[in-house]
Amino acid sequence: MNLDELLVLVIEPSRLQRHIIIDMLKDVGLREIEPFEEAGPALERMRHVVPDIVVSSMHLPDMTGTELVTRMRASAELIDVTFLLISSETHYRYLEPIRQAGSIAILPKPFRREELEVALRNTMHYIRDTQETEPLDNDELEDMQVLVVDDSVMSRKFVRRSMGAIGINNVIEAKDGAEALQIMKQQRFDLVISDYNMPNIDGLELVEHIRHYSDQPTVPVMMITSEQNQSRLAAVQSAGVSAICNKPLNYDMLKQLVRQLVAGTDL
């Protein structure tokens with residue numbers, strides 16, 4: 001799959017910003033680009049043609065980017081469409097739902113060409129792998145047992161789909177750390193992928209319990225989080241987490257970490 005084969009919808013109210021984004025998309029190799037000023041007409045277009053990528057600003061005339069991605073994820077046809085946000089917005093209230101919805105990237109405004117190239121390369125690899133009939137060339141992946149722990153249904157679905165693209169189909173889901181620990185009493189896992197902020201038992205408490213009180217103390221635990229507090233992240237690392245990945249989840253990084261795990265190297 002090449003970039004020029006992907007259909008991209010760009011939703012940006014500013015004509016100048018819209019042209020800048022489209023020009024940069026063309027510069028990196030994209031050709032099928034449809035521009036929109038508002039989310040409503042873009043959603044109507046998606047009813048007839050499902051795009052490969054939606055690139056959107058946060059503040060649109062008729063709704064926010066958060067509302068847009070929420071509506072997309074509520075549709076069976078659009079739930080897996082790659083979403084890329086470009087915005088100067090930094091408020092947690094706006095950005096967190098987009099991170100939880102499985103956005104492939106959140107780019108600042110203005111953004112650098114290199115940042116866009118990385119996001120698009122990550123996107124293309126994700127789309128290619130989800131469409132491949134032959135995933136990673138490693139038979140060990142077929143036998144891997146993975147536990148995904150996240151209170152967001154959309155986040156769990158995105159991680160599960162990413163695992164499937166990599167070649168791992170034995171995935172069990174838990175809505176929080178408490179449910180994860182109950183599942184781990186009944187089944188052994190090769191990898192645990194957990195969110196940090198969860199009700200009941202959060203990611204830190206889950207890692208601590210796994211390392212000190214479970215019968216699977218050496219299982220690799222990967223933390224995927226939007227947490228920015230460095231002291232909290234340091235506490236997670238000290239608890240024995242194997243790797244920390246930022247939300248939005250970088251598919252290429254996830255794939256690399258799984259490769260390292262299968263190869264028997266440290267995460």
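The structure displayed is predicted, hence computed values, not measured ones.
For the pair K185 and D215, the salt-bridge criterion is not met [side-chain N within less than 4.0 Å of a carboxylate O]. Here D195 pairs with K247 in a salt bridge; the nearest charged N to carboxylate O distance falls below 4.0 Å. With respect to K175 and D150, no salt bridge is recorded, no charged nitrogen being found less than 4.0 Å from a carboxylate O. Salt bridge present: R113 and E117 bring a charged side-chain N and a carboxylate O closer than 4.0 Å.
With sequence neighbours excluded, no residue satisfies side chain to side chain donor-acceptor pair (under 3.5 Å) with H212.
With ring centers used as reference points, F158 lies under 6.0 Å from Y126.
Atom OG of S194 and atom CD1 of I224 lie 8.5 Å apart (nearest 0.5 Å). For the atom pair D190 CG and M144 CE, the distance stands at 5.0 Å (nearest 0.5 Å). E179 contributes atom CD, which lies 11.5 Å from atom CG of D151 (distance to the nearest 0.5 angstrom). Interatomic distance, SG of C245 versus CG of N250, reported as 8.0 Å (0.5 Å rounding).
A side-chain donor from one of E77 and S75 sits under 3.5 Å from a side-chain acceptor of the other.
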Next on the checklist: Using the rule given for salt bridge (Lys or Arg N to Asp or Glu O under 4.0 Å), can you reason through E12 versus K109, listing the C-alpha separation, both sets of side-chain angles and the distance that settles it, and then say yes or no?
Outcome noted: CA-CA 12 Å; E12 166 58 58; K109 186 187 287 186; 3.0 Å; yes
